[in-house]
Structure formats: structure tokens, C-alpha cells
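Take a look at this one; I'll ask things after.
In what follows, chains are A, B, ... by sequence order, proteins preceding strands, each numbered from 1.
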There are 2 protein chains.
Amino acid sequence: MAENTAEPGAPGHAPRRLRADAQRNIDSLLEAAKAVFGTAGVDAPVKEIADRAGVGVGTLYRHFPQRSDLVKAVFQREVDACADEAAALAAAHGPERALEKWLDRYVEFLATKRGLAAALHSGDPAFDALPGYFLQRLGPALGSLLDAAAAAGAIRGDVGAEDLLYAVSTLCRPVSGKGPAYSRRMIALLVDGLRYGAGRPRSASA
Amino acid sequence: MAENTAEPGAPGHAPRRLRADAQRNIDSLLEAAKAVFGTAGVDAPVKEIADRAGVGVGTLYRHFPQRSDLVKAVFQREVDACADEAAALAAAHGPERALEKWLDRYVEFLATKRGLAAALHSGDPAFDALPGYFLQRLGPALGSLLDAAAAAGAIRGDVGAEDLLYAVSTLCRPVSGKGPAYSRRMIALLVDGLRYGAGRPRSASA
DNA sequence: TTGCTAACCGGAACGTCATTCCGTATAGTT
DNA sequence: AACTATACGGAATGACGTTCCGGTTAGCAA
């Protein structure tokens with residue numbers, strides 16, 4: 001197995017500084033992969049991704065030795081982007097509006113990764129760590145928004161971030177017949193539910 | 001598209017009577033496919049299935065023009081087997097014991113199709129009809145067992161078959177860390193819950 | 001600026017697999 | 001026993017994932 005390959009998705013210290021063109025290609029590949037996965041699903045030909053990124057397949061495989069590495073990297077990158085947006089939204093809007101907007105963003109994220117979801121639950125051990133990453137990254141992001149909104153008295157304080165993440169993702173899974181409009185309606189309902197007990201910071205009433 | 005091909009899995013009138021060797025091969029293929037899917041997953045090479053069935057790949061493709069046709073057929077055959085067992089168990093045991101045994105059987109079915117589940121939710125339109133088939137076949141099967149047990153006063157009467165099917169399948173989905181023992185414990189709990197209100201045929205109490 | 005070299009690049013080459021095609025064999029019938 | 005619609009097997013085809021290697025270049029030192 002390749003050990004010294006840059007591990008994208010876990011931003012931090014690189015083993016050795018990456019050459020500029022290599023970094024550029026990695027970025028192109030991730031962007032291309034995101035687009036192709038969204039259009040043609042996670043099973044799209046690797047060649048297509050390489051072509052779209054403007055590199056050869058050799059380059060692709062240098063950076064992502066296995067197909068699953070690319071999938072993982074794209075997933076993590078999108079999780080990161082979604083999580084990071086929480087702070088940005090919190091800075092740009094009031095607590096309630098920020099929460100609303102972030103949930104929209106989260107729904108969009110879920111829609112994008114529709115294809116990925118199947119891969120995640122396919123039992124391939126390569127993806128075992130991803131659900132954990134998902135929660136670890138998105139949980140605190142949503143948690144801080146919830147806390148802020150609760151502190152501002154806009155929503156109740158007794159709903160956990162992970163529960164809400166899970167509930168929304170469940171509601172976004174399209175059942176036969178229901179379209180995305182259904183999902184949006186149900187999620188709006190959920191958010192109104194949050195508002196219902198606004199001001200009561202702790203203790204769930206019966 | 002092939003129109004006149006025999007459509008396995010929907011037992012009924014055949015367009016024209018199948019030649020005996022053909023029927024034999026179809027059976028061998030389904031049995032082989034079940035075994036291989038269970039061992040190596042739904043993505044196992046088609047050749048492996050053909051070999052195990054003792055036929056050439058040409059024969060396999062004659063009867064199942066697409067890979068997904070084979071997957072569908074195996075799935076439906078297992079659903080049928082599971083559903084049919086309900087009547088047999090009802091005839092051989094008392095209502096309560098029959099229900100218990102059938103739920104065991106259902107759990108076993110769920111375990112077998114672990115690999116299939118991923119395929120089902122992969123978004124491939126070839127599998128769109130399967131969840132419906134699942135409910136349509138298993139719903140009434142479990143429903144009759146529930147009715148009989150409720151009528152005998154062994155369990156409460158206010159739990160729907162589809163709800164129970166769904167709940168059990170959810171509990172069988174292994175979360176990280178929990179083993180199958182966890183599933184069995186939770187399902188036992190569920191069944192005890194059924195017993196709890198035994199004798200009260202209608203109306204859910206608060 | 002020039003020269004050097006480790007790191008990187010592209011795409012041909014290889015192996016695996018799903019799917020198709022067609023000459024041969026045979027079940028069922030007359 | 002002969003006939004023919006039907007079915008069989010496996011070679012051939014084409015698409016992909018993955019590996020390999022000769023040529024290129026970024027980054028650094030003199």
C-alpha cells in the first residue's frame with residue numbers, strides 16, 4: 001500500500017511539501033470527481049474523471065491509489081465544506097437565520113451525495129470510517145448553530161445536533177412517489193417544531 | 001429488449017411451455033446465484049455463478065438477459081419462500097409459536113440479503129419494483145400470523161404488519177459495534193412488547 | 001541564470017468481467 | 001425414426017480498473 005501519499009481530506013501537516021503541480025492536479029481531480037459522481041454516479045469510469053480534470057489516469061492513480069480513495073476524498077471534502085459553512089453563516093446572519101440557511105445547505109449536501117450513500121452502505125470496509133467522520137464534523141457544526149439559536153431564544157434547547165442530522169437525512173431519503181418537495185415540507189415542519197418550545201432552555205416537557 | 005423471454009419470479013402462465021432442460025437450468029442458476037451472492041456478494045463474477053450451476057454463461061444470459069434480472073429473481077424467490085413459510089408454520093404450530101418462528105425466519109432472510117440491500121438502494125431503476133414486491137408479499141403473510149395470534153389472545157391487536165416488518169428490518173441493520181446478538185435482543189424485546197397488551201383487540205391506549 | 005534531480009505526468013499495456021454471437025446438440029413431436 | 005423449434009456452451013468482443021515506465025518539470029543550489 002502507498003504510505004507516503006498525501007492524504008487529502010485530513011487537512012493538517014503534510015509529510016513533505018507537495019509540488020505545486022501535484023497539488024493543482026489533486027484539486028482538479030477532486031472537483032472533476034465531484035461533478036462526475038453527481039452526474040453519472042459513483043460508478044462512473046475513472047477515465048471520465050481524469051479527462052474532465054485534464055490529467056491522465058496515471059496521475060489520478062498516483063494520488064488516489066484506489067477508486068475508493070477518490071470517493072472518500074470527495075465525500076470528506078464536501079463534508080468539510082458543509083461544516084465550514086456553519087461558521088460563515090453564523091458570522092453573516094442572526095442565529096435563527098443562520099440555522100435555517102445551514103439546514104438548506106445540509107439538504108443540498110444530502111442531495112449531492114445521493115449516489116455516495118449507496119457506496120457508503122455497500123459494506124465495503126474502505127468506507128467504514130466515513131459515517132464517523134460525517135458525525136464528528138457535522139455534529140459540532142450544527143451543534144454550535146443550535147446552541148446559538150437556543151441562547152437567542154429562537155428555538156428550544158432540548159434537541160441534540162446528531163438527532164437532528166439523522167432525522168433530516170432520513171427525511172431526505174426519497175420514498176417511492178414522494179419528490180424533493182415532500183422532503184422540504186417535512187423538514188420545514190421539523191424546524192417549526194424547533195421553534196415551538198423556544199425560550200425553554202432545558203428539560204423536555206411531556 | 002427481449003420480450004418473449006420467460007419472466008422468472010412471476011410464477012403463473014408461461015407464454016409457451018418451457019423445455020424441461022431449460023427449466024432445470026433456471027433452477028440450478030437461481031440456486032447457484034443465491035449461494036454465490038451470499039458468499040461473494042452481488043458483485044460476484046457471472047462466470048462463477050454459471051460454473052457453479054454447471055452451465056455456460058450463454059445459458060445464463062439466455063434466461064437472465066441482464067445481471068439485474070438474476071438479482072431480482074433471486075430476491076423474489078427468497079421473498080416468496082419466506083412468505084410461503086408463514087402458512088406452513090401456521091399449520092404446524094399454535095398462533096403464538098408460529099409468529100415467533102416466522103420472525104426468526106424473517107431475520108434469517110434479512111441476514112441473507114445483506115448484500116442485496118445495497119443493490120436495492122443503489123438507485124438502479126431495475127430494482128425499483130422490489131421494495132413493493134417485498135411489502136406486497138410479506139405484509140399479508142405476517143398480517144395473517146398477527147391476526148391469528150391476536151385472535152387467540154396471545155398478543156395485542158393494534159400493531160400493523162408493515163410497521164413490524166419495517167421495524168425488524170431496521171433493527172437488523174447492524175450499527176457500528178453492535179453484533180447480530182444485539183439485533184436478536186432488540187427483536188425479542190419487540191415481540192415481548194406485542195405480548196404486553198394481549199387480549200385488548202383494538203384501540204391503542206395512551 | 002543555469003543545471004541538476006527527485007517528483008510528477010501521460011497514456012500504452014495488461015488482466016478481469018459483462019455481454020453478445022453463432023455453430024452444435026437435443027427435447028418434444030409427428 | 002426423422003424433424004425442427006428450442007436450448008446449450010464457450011469463444012469473441014468491448015469496456016474498465018489498475019499498473020508500469022519513458023519522458024517532463026518544479027524547486028533548489030551554485
Please determine which of Leu142(B), Val191(B), Leu89(B) meets the side-chain contact (heavy atoms from CB on, under 4.5 Å) test together with Leu99(B).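 Running side-chain contact (heavy atoms from CB on, under 4.5 Å) over Leu142(B), Val191(B), Leu89(B) with Leu99(B) returns exactly one hit, Leu142(B).
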Both Ala44(B) and Leu60(A) contact DNA chain C. Taking the nearest nucleotide for each, which residue is further toward the 5' end? Leu60(A)
Which pair of non-hydrogen atoms, one from Leu30(A) and one from Ala73(A), has the smallest distance, and what is that distance? CD2-CB, 3.6 Å
Answer yes or no: does a side-chain N or O of Thr59(B) lie under 4.0 Å from OP1 or OP2 of dG9(D)?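 Thr59(B) to dG9(D) OP1/OP2: side-chain N or O found under 4.0 Å.
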Applying a 4.0 Å non-hydrogen cut-off, can you work out what Val55(B) is touching in the nucleic acid: base, sugar-phosphate, or nothing? sugar-phosphate
Encode nucleotides 21-30 of chain C as B, S and - characters from 5' to 3', where the letter depends on protein heavy atoms closer than 4.0 Å: B to the base, S only to sugar-phosphate, - to neither. -----BSS--
I'd like to know if Arg137(A) and Asp84(A) make a salt bridge, using a cut-off of under 4.0 Å between side-chain N and carboxylate O.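 Looking at Asp84(A) together with Arg137(A), the answer is yes, because their closest N to O distance falls below 4.0 Å.
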Hey, does Val57(A) reach any base, or is it just sugar-phosphate, or nothing, if we go heavy atoms under 4.0 Å? base
Less than 4.0 angstrom from a charged side-chain N to a carboxylate O is my criterion; do Lys101(A) and Asp104(A) meet it? no
Step through the shown structure and confirm whether more than 12 heavy atoms of other residues, nucleotides or ligands are within 6.0 Å of CD on Glu85(B).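 Yes.
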Please state whether the phosphate of dC8(D), meaning OP1 or OP2, lies under 4.0 angstrom from any side-chain nitrogen or oxygen of His63(B).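 Checking His63(B) against dC8(D): at least one side-chain N or O falls below 4.0 Å of OP1 or OP2.
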Pull out every protein N or O sitting under 3.5 Å from an N or O of nucleotides 28-30 of chain D, one pair per line with the distance.
none

Can you measure Leu70(B) atom CG to dT19(C) atom P for me and round it to whole angstrom units? 11 Å
Please determine whether a side-chain nitrogen of the Lys or Arg among Arg77(A) and Asp27(A) lies less than 4.0 Å from a carboxylate oxygen of the Asp or Glu. yes
Provide the closest heavy-atom pair for Ala150(A) versus Gly157(A) in the form atom of the first, atom of the second, distance.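 Looks like CB-CA, 4.0 Å.
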Starting from the C-alpha separation in whole Å, work towards a yes-or-no answer on salt bridge (charged side-chain N to carboxylate O under 4.0 Å, His left out) for Arg97(B) and Glu100(B). CA-CA 5 Å; Arg97(B) 190 92 187 89; Glu100(B) 252 179 20; 2.6 Å; yes
